[in-house]
Enquirer: 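Got a structure for you, written out below as structure tokens; questions coming shortly.
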Amino acid sequence: MSDPIKPVIVSGSAPSDRSVNAAAAGDRARPDDDLLRGLNPPQREAVTYRGPALLIVAGAGSGKTSVLTRRIASLLRSREAWPSQILAITFTNKAAGEMRERVGQLVGDVVRGMWISTFHSACVRILRREADQFGFTKNFTIYDSGDSRALVKRLVKEHEADAYGMTPASVQGRISKLKNELADAESFARQANMSDPAERLFAAIFADYQRALQRANAFDFDDLIAQTVYLFRAFPAVADTYRRRFRHILVDEYQDTNHAQYALIHELTRAPGSDAAPTEHGGLMIFDAPSDEPGALLTVVGDSDQSIYAFRGADIRNISEFERDFPGAKVVLLEQNYRSTQNILSAANAVISHNFDRKDKKLWTDVGAGDAIIGFTGYSQHDEAQFVADEIEALHRAGAPYSEMAVFYRTNSQSRALEEIFIRSAVPYKIMGGTKFYERAEIKDAMAYLIAVANPADELSVRRILNKPRRGIGDVTETAIARYAAEEGITFRDALANASALGVGPKIQQAIAQLDAVLAEASEIMLPSSGEIAPPTSVAEGLTLLLNKSGYADALRRSKDPQDEARVENLDELVAVTREFARNNPEGTLLDFLTEVALVSDADDLDDASGSVSLMTMHTAKGLEYDAVFVTGVEEDLIPHRISAGEPGGPQEERRLFYVAITRARKRLHLSLAMTRAQFGEVSVAMPSRFLQEIPHELIDWRQSPGDVNSRGGMQSRALNARRPGGGFGGGGSRYGDDLVPLPRRERPAGDVTKFANRIPAKIRDNGDLELAAGDRIRHDDFGEGRVDMVTGEGAKRVAHVRFDSAGAKKLLIKVAPITKL
DNA sequence: GATGTAGAGCTTTTT
DNA sequence: GCTCTACATC
């Protein structure tokens with residue numbers, strides 16, 4: 001990993017000014033007692049300390065959100081700050097929403113005046129306001145990673161860069177890294193080794209990419225931050241307005257900030273007017289921007305043990321060198337954990353202590369040891385999933401709500417096996433951030449229609465909808481339009497208005513004219529040319545009009561492809577989202593809607609009230625907590641992930657990731673793995689993760705240890721060919737079965753295990769309207785015969801509660817379970 | 001220009 | 001095992 005350039009800390013921050021102000025502020029600070037109630041001494045200090053810079057080192061579960069929200073409330077109550085002077089930055093929209101709500105509970109309605117948002121949302125707000133200053137307009141589009149990948153892909157192809165082994169993904173990743181370090185195409189070209197043709201090619205692609213964004217009036221995710229920094233540096237007067245405005249800046253998850261974000265914070269905390277000082281005129285000060293105003297007061301919260309985003313440019317040094325960056329900064333350490341039991345914390349401490357090069361920090365609690373950590377080794381990923389499902393059901397029967405349980409995995413692909421078993425076992429679940437709603441093709445199409453209206457310069461979006469639905473506009477016509485636009489010096493979008501000049505057939509001319517008319521009509525609804533303000537419902541109206549009059553909706557409805565039915569439903573859902581948006585944002589414009597969609601990930605809108613078990617990656621889990629946590633796939637090559645092995649600091653980051661995962665658990669922690677795992681269509685043997693060995697064994701109660709599964713000499717390969725039907729495999733079948741009998745505390749009967757490995761059909765079956773009633777006997781492919789105790793639920797969600805003769809009680813979704821009535 | 005089929009490549013994590 | 005792409009065919 002390349003070393004990001006460490007920024008020069010601006011001396012203009014006038015530390016003396018700051019401390020004067022801090023002392024004054026300290027005298028005034030007398031927060032109400034209720035804000036400090038229930039806090040331990042370090043937490044109190046973190047709320048009440050006043051000074052230019054404060055670092056709160058907050059271990060997992062140490063109540064940092066509580067501290068942060070009370071600190072904000074205390075600033076307001078003591079009249080040290082107006083709401084509008086506060087900028088609080090979090091990493092995810094969900095965290096921002098949560099903080100807004102909790103601050104609101106403390107201070108009431110004035111919370112509306114504060115900026116509590118993610119880095120990206122804050123930057124969008126600034127950029128929309130200032131866009132005209134530097135060659136953009138305020139209706140710019142935000143490209144998500146899919147959009148920018150599409151663009152990169154086209155450029156890689158145009159430049160034939162694949163000949164040098166460049167893939168769209170690698171180019172995209174490299175551009176993103178450079179932007180996170182505030183390098184642009186020019187600065188890259190200056191320092192690159194241009195005698196290397198591959199480097200020259202990359203520089204050209206980078207430059208083209210940036211030009212394409214500019215032409216499309218668009219920013220990618222990384223630009224949102226980097227361009228804001230450039231804006232501040234290029235226009236000190238603009239920067240000063242924000243420096244004057246924000247007097248208190250608070251940053252959560254500081255360990256995950258990258259260089260660009262770090263620079264942004266530094267720009268914002270400089271004293272207003274300080275840019276003017278070091279001009280070539282030396283001492284000539286600009287007096288309408290006096291620098292006696294100090295820079296904003298900075299509070300950062302973080303935990304270097306939870307830094308898990310180095311792979312995308314997060315620089316751990318931002319937090320580890322905070323004291324050097326801000327001389328005189330105060331550091332407060334929060335080590336008491338209010339979330340987990342001591343057993344869980346001991347395991348977490350043991351694991352993380354294997355990372356050298358960290359400040360020693362030990363979480364502790366006074367709630368007691370709690371339950372042992374439960375370990376389980378499955379024969380296959382499905383076996384493991386079945387354990388998780390069974391355990392969840394057992395906990396649920398014992399009174400634990402589903403919403404208080406979560407299952408974590410390292411890679412998204414691991415969710416499939418869990419899902420399959422959960423569906424069959426009728427465990428209600430919800431996947432966080434899996435296949436995202438807004439990444440579905442039909443949703444992207446619909447969004448492209450909206451973007452084509454909002455930002456006609458965005459060629460990518462216009463091209464996307466050109467032939468969706470099919471209008472007979474292919475490559476040839478598309479190129480003709482592009483050529484015409486270039487000749488006339490107009491945009492691709494405007495070229496559509498002149499279909500007859502393109503030299504294409506009459507039928508196609510008509511199709512183009514029709515598309516142009518629909519876009520124009522929708523534009524009139526959502527962005528009236530008369531200048532009046534469109535009502536918030538106009539987005540829903542405009543979207544409906546676009547989908548109907550373009551023929552898009554009709555094409556799907558007419559289609560015979562069964563998937564298209566679901567697509568129509570998804571589009572209805574999108575229209576519902578626009579209505580919901582109108583309700584929540586009475587002043588919301590089309591632009592506001594597009595911004596929200598671009599920046600809000602699916603993980604953000606999770607509501608825990610839904611009564612489902614949450615499934616997510618370990619990364620998504622950060623910042624969340626659950627009573628019961630299942631960490632699955634605790635295997636070598638998965639956690640730590642194989643790819644991380646080659647990267648400097650990789651294995652350590654993986655350890656922190658594992659640490660984050662286990663510290664999410666309040667009461668119960670389950671660690672599970674599988675001996676074999678199918679990936680790529682191939683089954684391979686998995687090894688227990690090294691992190692398991694780092695946990696003292698007395699903390700883990702193994703229901704089935706790796707040794708139990710592995711010690712029957714050479715048996716693992718048997719599990720691989722477990723597909724054989726009922727013992728017809730020489731002596732192996734019965735021997736295998738015999739061996740299984742003495743397994744401790746396993747409900748599953750002998751022989752059953754052999755059937756489990758990878759026997760799950762890829763397609764979900766459909767039993768149609770199979771009628772079951774209490775008393776019926778059924779046969780299940782895996783669990784054998786059993787009797788139905790009762791049936792609950794309705795329609796497709798009817799659930800049979802079955803008592804199996806040998807496998808015990810199970811709940812099965814009747815529609816999809818592999819069962820037959822006897 | 002649309003549609004169907006074979007083959008390659010893929011899987012780290014996300015605002 | 002699945003999805004996207006390229007290519008062939010209509």
Side-chain angles (χ1 to χ4, degrees), chain A residues 89-96 117-124 142-146 148-150 153 157 162 167-169 172-173 176 179-180 219-225 253 256-258 260-261 307-314 381 408-417 420 432-436 438-439 441 467 469-478 504-505 507-508 511 561 595 598-604 616-622 633 637-647 650 653-654 656-658 660-661 677-683 758 760-763:
Chain A
I89 293 179
T90 61
F91 230 67
T92 64
N93 294 290
K94 179 174 189 287
S117 68
T118 62
F119 271 107
H120 293 83
S121 319
C123 287
V124 169
I142 301 163
Y143 277 14
D144 66 20
S145 33
S148 59
R149 185 160 53 248
K153 205 167 176 179
K157 207 168 176 179
D162 48 342
T167 63
Q172 190 189 16
S176 171
K179 286 185 174 183
N180 285 336
F219 295 98
D220 66 18
F221 275 140
D222 304 310
D223 276 346
L224 294 178
I225 315 284
E253 309 281 15
D256 285 331
T257 50
N258 61 35
Q261 291 163 334
S307 157
I308 54 174
Y309 285 110
F311 73 92
R312 68 169 199 221
Q381 55 206 330
F408 304 154
Y409 35 79
R410 177 65 234 267
T411 65
N412 275 309
S413 61
Q414 288 167 252
S415 70
R416 193 183 296 148
E420 284 164 355
M432 309 301 183
T435 320
K436 292 178 184 150
Y438 291 104
E439 281 172 16
N467 200 30
R470 300 231 150 87
R471 301 184 170 90
I473 303 176
D475 272 355
V476 179
T477 312
E478 193 175 327
V504 295
K507 220 170 170 175
I508 294 176
D561 186 340
T595 303
L599 295 180
V600 169
S601 71
D602 286 4
D604 290 324
M616 67 190 88
T617 66
M618 298 185 192
H619 283 87
T620 309
K622 194 168 78 156
D637 290 349
L638 221 42
I639 177 83
H641 197 276
R642 180 200 310 227
I643 290 176
S644 74
E647 289 168 15
E653 173 147 320
E654 296 284 309
R656 290 193 293 269
L657 182 57
F658 187 63
V660 165
R677 189 166 291 274
Q679 49 187 355
F680 240 180
E682 300 264 291
V683 181
N758 307 310
I760 308 301
K763 287 185 303 244

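The structure presented is a predicted model; accordingly, all values stated were derived computationally and were not measured. Just so we're on the same page: letters track the sequence lines, and every chain starts at 1.
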Enquirer: OP1 or OP2 of B/dT3 less than 4.0 angstrom from a side-chain nitrogen or oxygen of A/R470, does that happen here?
Expert: yes
Enquirer: Between C/dC2, B/dG1, C/dT5, which one does the side chain of A/V476 approach most closely?
Expert: B/dG1
Enquirer: Of all heavy-atom pairs between A/P640 and A/E654, which one has the smallest distance, and what is that distance?
Expert: CA-OE1, 3.4 Å
Enquirer: Find the distance A/Y409:OH to B/dT13:C1' and express it as a whole number of Å.
Expert: 12 Å
Enquirer: Closest-nucleotide mapping onto DNA chain B: is A/G472 or A/S644 further toward the 5' terminus? I mean the 5' end.
Expert: A/G472
Enquirer: Side chain of A/T617 only, please: which of B/dT15, B/dG1, B/dT13 is the nearest?
Expert: B/dT13
Enquirer: Atom NE2 of A/H619 and atom P of B/dT13: how far apart are they, to the nearest Å?
Expert: 9 Å
Enquirer: Just the rounded figure in Å: distance from C1' of B/dT15 to CG of A/D222.
Expert: 9 Å
Enquirer: Please state how far atom CE in A/M618 lies from atom P in B/dT14, giving the value in whole angstrom units.
Expert: 12 Å
Enquirer: Could you check whether any side-chain N or O of A/Q172 sits under 3.5 Å from a backbone N or O of A/S145, counting only pairs where one atom can act as donor and the other as acceptor?
Expert: yes
Enquirer: Does A/N258 offer a backbone N or O that forms a donor-acceptor pair with the side chain of A/Q261 under 3.5 Å?
Expert: yes
Enquirer: Between atom CD1 in A/I308 and atom C1' in B/dT13, what is the gap in whole Å?
Expert: 8 Å
Enquirer: Report yes if a side-chain nitrogen or oxygen of A/T620 is closer than 4.0 Å to either non-bridging phosphate oxygen (OP1 or OP2) of B/dT14; otherwise report no.
Expert: yes
Enquirer: Could you tell me how far apart A/M616 (CE) and B/dT15 (P) are, to the nearest whole angstrom?
Expert: 13 Å
Enquirer: Ring centres of A/H619 and A/Y409 under 6.0 Å apart?
Expert: no
Enquirer: Which of these nucleotides, B/dT13, C/dT5, B/dT11, is closest to any side-chain atom of A/R410?
Expert: B/dT13
Enquirer: Grab the NZ-P distance between A/K94 and B/dT14 for me, whole Å please.
Expert: 15 Å
Enquirer: Kindly point out which of C/dT5, B/dT11, B/dT3 is positioned nearest to the side chain of A/S413?
Expert: B/dT11
Enquirer: Using 30° and 60° as the class limits, which term best fits the ring planes of A/F91 and A/Y309: parallel, tilted or perpendicular?
Expert: parallel
Enquirer: Whole angstrom is fine here: how far is it from CD in A/Q381 over to C1' in B/dT11?
Expert: 13 Å
Enquirer: Closest approach to the side chain of A/H641, judged atom by atom: which nucleotide of B/dT11, B/dT15, B/dT13 is it?
Expert: B/dT11
Enquirer: For B/dT13, is there a stacking contact with A/Y309, counting only centres under 5.5 Å and planes under 30°?
Expert: no
Enquirer: Output the single nucleotide from B/dT14, B/dT3, B/dT15 whose closest atom is nearest the side chain of A/N412.
Expert: B/dT14
Enquirer: For the side chain of A/I508, starting at C-beta, report the closest nucleotide among B/dG1, B/dT13, B/dT15.
Expert: B/dG1
Enquirer: If you find the nucleotide of DNA chain B closest to A/L657 and the one closest to A/N467, which residue's nucleotide is nearer the 5' end?
Expert: A/N467
Enquirer: Closer than 4.0 Å, any side-chain N/O of A/T477 to the OP1 or OP2 of B/dG1?
Expert: yes
Enquirer: Using the P atoms only, state how far B/dT13 lies from C/dC4, rounded to an integer number of Å.
Expert: 16 Å
Enquirer: Under a 4.0 Å N-O cut-off, is there an ion pair linking A/K179 with A/D220?
Expert: yes
